[in-house]
2 protein chains.
Amino acid sequence: MSVAIENFVKAIYNNDKHDIKDTKPGNIAKKLGISNAAATDMAKKLAAKNLLNYEKYQALQLTEQGTKMALNVIRKHRLWEAFLFKMFDMTLHDIHREAELLEHQTSDLLAEKISEYLGHPKFDPHGDPIPNANGEITTEDTSISLAEAVEGKTYTIARLMSDDKEFFEFCAQNQIRYRNTLTVSKQFIGNKMTQISIGSNTIVLNEDFTKIIYVDEN
Amino acid sequence: MSVAIENFVKAIYNNDKHDIKDTKPGNIAKKLGISNAAATDMAKKLAAKNLLNYEKYQALQLTEQGTKMALNVIRKHRLWEAFLFKMFDMTLHDIHREAELLEHQTSDLLAEKISEYLGHPKFDPHGDPIPNANGEITTEDTSISLAEAVEGKTYTIARLMSDDKEFFEFCAQNQIRYRNTLTVSKQFIGNKMTQISIGSNTIVLNEDFTKIIYVDEN
DNA sequence: ATTTATTTTTAAGTAAGCTTAAATATTTTA
DNA sequence: TAAAATATTTAAGCTTACTTAAAAATAAAT
């Protein structure tokens, strides 16, 4: 399938899971940076290909086939992230950008080789679950946003939910990495600022950052 | 640049170097599997972009800019081949197919990371030279076709000049690999059949195969 | 040196994946 | 609940990268 189609079903899948849970054409268009008209157009085409259900003015819903395609692309994306993260010294943001391109040009064979090399990992370096070759994906998620974390407790970083360059540069500089351990040492200004200890560092995070860092209680 | 454009300049570059040394639209079209009309069309477009010189009925000639683009893509292709060959157990044919796709979706940064990881190799697993980041490429080549090799002499495999699946499966089964050593033990039926020893194996090659294996005298 | 064959070019047309503008439907809010 | 705001759809049009068919030029062969 074409890059445009793969990105379209991926956007629907992701929107459905995390974001605003709104998969109407306008939201998908916004996410992909295309016009609403283009999204409606594409929706009709993909409905004809049985990748999604389209009814005028309704939210777009992936069919089983469409979901399978989305998970196949997401698998490749996350495997590339894990692989590049392991092999090369690059920021998570750069790795994300590479994976965004490579995911569409990767055979199932190569994906399997990468997965095998990495020991069939279940999560990528953002903490996102990696679908297996059959399109099965771990859905259980006990993590909470750092914004809801409790002063004095110790946590493990479960997810870095962002594509933002600045955020990942900040992460790289402050040992904020998937599976690292941190302790919440102080919450202040109405819980909008959070001071954490991570490794030997003590840093203060603003609200924006605490909202996109997800943690599991230790 | 688009995939179509990158493949077009690459085809011209390669035709100019190895093949029939004919870069007229029809030959490029044949190589790319598109119609002659499409090739002429593209040639005009690329001339407008200063990637090649186009004159009616004449061979296509890459400009400096076009050559640079071709070498940049070829660099990425060959780095991927070298990298995948090192990392994964895949046939040269499979590796070639993956590289053919990945080459167009690889940033200069990632190419550099791969090159660095491999210790800036000068040749890929087919024995093709890898252009450096400045678009400089090793051109010296002392190798001869195995069809011209001499009975009794020992050679090093310098180049496997093919994209053919069956050929590479044969290679994989018979230790025919870039830089391996072989001895020509017998030439017969008017030098059309060549018997070689490679490792502990003795195998007979037909004319087709001897023509695409290039060797250096030891 | 003509005829014949082959290549190249031109012309017209197609599909994919977009755009903007206008019409229509839905949602919000006063 | 009617008006205003927002979203969605339709319509028309664009660009890229192709296609086939026919015309024109070049190359090969008798």
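In what follows, every chain begins at residue 1, and chains take the letters A, B, ... in the order their sequences are listed.
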Return the nearest nucleotide to the side chain of [X]; candidates are [options].
{"X": "B/Ala37", "options": "D/dA21, D/dA17, C/dT19", "answer": "D/dA21"}
{"X": "A/Lys44", "options": "C/dG17, D/dT10, D/dT8", "answer": "D/dT10"}
{"X": "B/Ile34", "options": "C/dC18, D/dT8, D/dC18", "answer": "D/dC18"}

Exercise. Looking across every strand, which nucleic acid part, if any, lies under 4.0 Å from B/Ala4 by heavy atom: base, sugar-phosphate, or nothing?
Worked result: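 Sugar-phosphate: the residue B/Ala4, judged by heavy atoms under 4.0 Å, touches backbone atoms but no base.
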Problem set entry | Whether A/Phe83 and B/Phe88 hold their rings parallel, tilted or perpendicular, with breakpoints at 30° and 60° |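 Taking B/Phe88 first and then A/Phe83, their aromatic rings sit tilted (interplane angle of 30° to 60°).
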N/O (side chain, [X]) to phosphate O (OP1/OP2, [N]) under 4.0 Å:
{"X": "A/Lys56", "N": "D/dT10", "result": "yes"}
{"X": "B/Ser2", "N": "D/dT16", "result": "no"}
{"X": "B/Lys24", "N": "D/dT26", "result": "no"}

For this session: Could you check B/Pro25 against A/Gln58 and say which one's nearest nucleotide on DNA chain C is further toward the 5' end?
Result: B/Pro25
Problem set entry | Given DNA chain C, 5'-ward residue of the pair A/Tyr57 and A/Ser35, judged by closest heavy atom |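 First, find each residue's nearest nucleotide; the 5'-ward one identifies A/Ser35.
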Exercise. Taking atom types as modelled and ignoring hydrogens, do the side chains of B/Ser162 and B/Asp164 form a donor-acceptor contact shorter than 3.5 angstrom?
Worked result: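 There is no such pair between these side chains.
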Exercise. Knowing that exactly one of B/Tyr214, B/Phe167, B/Phe168 qualifies, which makes a ring pair (Phe, Tyr, Trp, His ring centres under 6.0 Å) with B/Phe209?
Worked result: B/Phe167
For this session: Step by step, work out the salt bridge (charged side-chain N to carboxylate O under 4.0 Å, His left out) result for B/Arg75 and B/Glu112.
Result: CA-CA 10 Å; B/Arg75 167 174 167 78; B/Glu112 200 49 33; 2.7 Å; yes
